[in-house]
Amino acid sequence: MTVIGLDDTDSRDRGMCTTYVADSVARRLAAAGAAVERVLLVRCNPAVEYKTRGNAALAVHTDADASTAADVASKVVEAAAETADDRTNPGVVVGDGRPGAVPDQVVEFSRVAVTDHHTRENARRVAEAATYRLETWKNGRGVIGALAALGAWAAFDEWTYEHIAYRSPDRWGTARDVDGDSVFAAADAAYPSVWDTVDRGNGETVCVPRTPGPVLYGVRGDDPSECRAAAARIEGEAVDRARTFLTNQGTDAHLLDGDVPNAADGRSYRLDGTVASSPDSREGGHVFFGLADGSSRIRCVAFEPTKRFREHVRRLRVGDEVTVCGEVAAGTLKLEKFAVRGLCRVEAVTPTCPDCGRTMESAGSGQGYRCRDCGTAADGRVQRPLERTLQVGWYEVPPRARRHVAKPLVRGGFDAPVHPER
Ligand code: ATP
């Protein structure tokens with residue numbers, strides 16, 4: 001067996017998509033008589049600054065010999081990669097041997113690529129130690145994702161599927177002709193095995209990209225045949241070609257179990273803590289709150305594009321115990337989901353006068369409260385029951401705002417009740 005890792009062939013403005021390049025490599029190998037066992041679509045650390053969009057890297061598992069595989073991959077990348085874009089720096093890594101039996105260093109490299117950061121030098125060192133064939137273009141940054149994809153089959157246990165349909169090349173860059181009603185009907189028929197096809201709350205067909213590349217739509221789910229069946233129900237322009245990828249999308253592979261004091265920029269975490277400041281809606285519609293763990297604090301934010309998710313965040317109260325998930329950037333955790341572990345059911349308020357019922361006033365620093373009219377006094381603030389509409393359990397951003405690698409609640413396996421968005 002041979003594993004081909006590929007990355008960094010596409011451009012935000014000029015188009016292309018590394019999934020299309022991998023599909024082209026697989027087709028070329030099949031046309032030459034080789035078997036292609038599977039093609040992996042691996043999402044690396046979403047916090048990496050060099051990414052074009054979703055930080056995807058691809059791996060092709062084939063029975064072609066390593067030299068044929070390297071030759072085919074090199075020719076396809078050379079012809080397809082958008083290297084005129086400064087930010088496109090392709091890399092191809094080819095390894096001889098079974099995909100599940102790569103060296104430990106490569107397995108570790110893949111795990112770190114999804115949760116943390118690597119340098120090009122480190123990728124080269126690990127690839128060379130494993131005696132892999134390497135080819136790079138321009139600054140060759142793609143070697144990082146290519147090596148990560150090569151080791152992914154051994155590094156990860158959880159795989160989902162995405163069935164991607166591609167447009168005919170003469171239509172790339174033009175408006176996509178996809179019948180929205182048929183997408184909603186396909187999504188309804190296949191849910192919950194197929195997820196994140198549409199955003200019902202916002203009436204959006206999230207499986208149809210808006211960028212200029214070759215993808216017509218991508219249907220994601222837990223079962224490959226259900227993804228294909230849902231795709232077959234979508235009406236629109238002719239599909240030029242299609243492939244079902246195995247992927248770490250929808251698995252939360254990027255999340256590290258961390259703690260507030262040690263959460264660092266550029267990684268994504270699950271963090272436990274207590275809501276320490278009330279949710280605050282700011283200009284632009286973003287909602288912020290503070291999370292505390294002992295004396296350490298971190299700011300959490302639900303951005304405007306997360307739409308209705310912000311309503312759940314706004315209903316948090318100081319004292320609630322939560323687990324938050326998301327990427328930390330500039331000291332702020334960008335919420336992907338959160339779990340309410342314990343709801344604060346009381347709040348501290350200024351006491352009211354037992355005689356006249358009016359709110360008391362402060363009697364001065366450290367001197368409690370007093371009713372100016374009746375002369376009654378209270379030592380301090382009093383606790384009042386708090387009506388809560390949030391429930392214990394997990395809340396998530398809607399499909400339109402989902403990160404590729406983030407696990408939708410509908411997939412199950414969470415440690416508390418779930419409130420899935422669809
Ligand atoms: P698309 O989703 O449209 O395919 P993309 O978002 O995958 O595009 P790339 O063009 O692949 O973006 O760019 C990501 C770059 O970051 C690649 O060069 C890849 O090698 C590199 N990279 C991936 N993971 C890491 C990491 N953990 N640390 C450092 N660099 C990384």
Side-chain angles (χ1 to χ4, degrees), residues 4-25 39-59 77 80-93 106-127 132 134-152 155-156 162 164 166 172 206-207 209-216 218 220 243 245 247-249 253-256 264-268 327-329 402-406:
I4 308 167
L6 303 158
D7 197 15
D8 209 341
T9 65
D10 56 354
S11 150
R12 197 172 298 191
D13 319 312
R14 305 171 70 90
M16 193 34 68
C17 172
T18 309
T19 68
Y20 188 83
V21 174
D23 178 62
S24 304
V25 169
V39 184
L40 305 184
L41 161 50
V42 179
R43 298 290 179 174
C44 296
N45 181 359
V48 162
E49 61 167 311
Y50 309 108
K51 68 180 181 179
T52 310
R53 287 179 294 262
N55 206 1
L58 275 291
V77 170
E82 286 291 353
T83 43
D85 184 326
D86 276 357
R87 293 169 53 97
T88 303
N89 297 287
V92 173
V93 183
V106 178
V107 175
E108 183 55 19
F109 185 94
S110 297
R111 293 205 179 110
V112 171
V114 176
T115 53
D116 210 328
H117 297 262
H118 280 302
T119 60
R120 281 171 278 169
E121 295 69 30
N122 188 35
R124 280 188 179 276
R125 197 178 47 73
V126 173
Y132 291 158
L134 263 174
E135 187 168 8
T136 57
W137 288 257
K138 294 164 63 191
N139 80 18
R141 192 182 316 284
V143 66
I144 299 172
L147 183 61
L150 195 158
F156 302 104
E162 178 162 358
I164 302 185
Y166 297 100
W172 297 358
V206 295
C207 68
R210 277 156 193 80
T211 45
V215 174
L216 184 59
R220 299 175 179 190
R243 179 170 299 273
F245 296 86
T247 171
N248 65 346
Q249 289 170 173
H254 63 315
L255 296 181
L256 295 164
D265 283 359
R267 301 177 185 169
S268 305
E327 176 195 331
V328 177
R402 185 114 50 224
R403 290 209 127 151
H404 303 285
V405 68

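Keep in mind that what you see is a predicted model, and the values were worked out from it rather than measured. Whatever order the structure lists them in is the order used to number ligands and atoms, beginning at 1.
- Residue, atom and distance of the protein heavy atom nearest to atom 2 (O) of ligand 1 are G54 N, 3.1 Å.
- Contacts of D8 with ligand 1, taken as heavy-atom pairs under 4.0 Å, involve both backbone and side chain.
- Of all atoms in ligand 1, numbered sequentially from 1 with element shown, those under 4.0 Å from a heavy atom of H117 are 27 (N), 28 (N).
- Ligand 1 has an N or O atom lying under 3.5 Å from an N or O atom of A56, backbone or side chain.
- Of all protein heavy atoms, the one lying nearest to atom 11 (O) of ligand 1 is D7 OD1, 2.7 Å.
- For the pair F109 and L150, the minimum side-chain heavy-atom distance is 4.5 Å or more.
- Side-chain contact check for N89 versus Y50: every heavy-atom pair is 4.5 Å or farther apart.
- For R120, no heavy-atom contact with ligand 1 is shorter than 4.0 Å.
- Ionic pairing of D23 and R243 is present here: one or more N-O contacts between side-chain nitrogen and carboxylate oxygen are shorter than 4.0 angstrom.
- Under 3.5 Å, the side chains of T9 and Y20 contain no donor-acceptor pair of N or O atoms.
- Given atom 23 (C) of ligand 1, the protein heavy atom at minimum distance is N55 OD1, 3.3 Å.
- When heavy-atom distances to ligand 1 are checked against a 4.0 Å cut-off, T19 has no atom that comes that close, whether in backbone or side chain.
- Nearest protein heavy-atom contact of atom 29 (C) of ligand 1 is H118 O, 3.2 Å.
- Between G145 and ligand 1, an N or O atom pair is found at a separation short of 3.5 Å.
- Ligand 1 has D116 within reach: a non-hydrogen atom of the residue lies less than 4.0 Å from it.
- The protein non-hydrogen atom at the shortest distance from atom 9 (P) of ligand 1 is T52 OG1, 3.5 Å.
- When hydrogens are left out, the protein atom nearest atom 8 (O) of ligand 1 is D10 OD2, 3.1 Å; that is the closest non-hydrogen contact.
- When each atom of ligand 1 is checked for a heavy atom of A113 under 4.0 Å away, the hits are 27 (N).
- Taking the six-membered ring where tryptophan is involved, the planes of Y166 and F245 are perpendicular, since the angle between them exceeds 60° and thus also 30°.
- Note on ligand 1: E82 sits outside its first shell, no heavy atom being nearer than 4.0 Å.
- Taking both residues in full, the closest heavy atoms of A152 and S110 are given as N-OG, 3.4 Å, listed atom of the first, atom of the second, then distance.
- If you check which protein heavy atom lies closest to atom 30 (N) of ligand 1, you get I144 CD1, 3.5 Å.
- Residues A253 and F156 come closest through the heavy atom pair CB-CE2, 4.3 Å.
- Of all protein heavy atoms, the one closest to atom 16 (O) of ligand 1 is V48 CG1, 3.7 Å.
- In plain terms, the two heavy atoms of I144 and T119 that are nearest each other are CD1-C, 3.8 Å.
- Of all heavy-atom pairs between D8 and T18, the closest is N-OG1, 4.0 Å.
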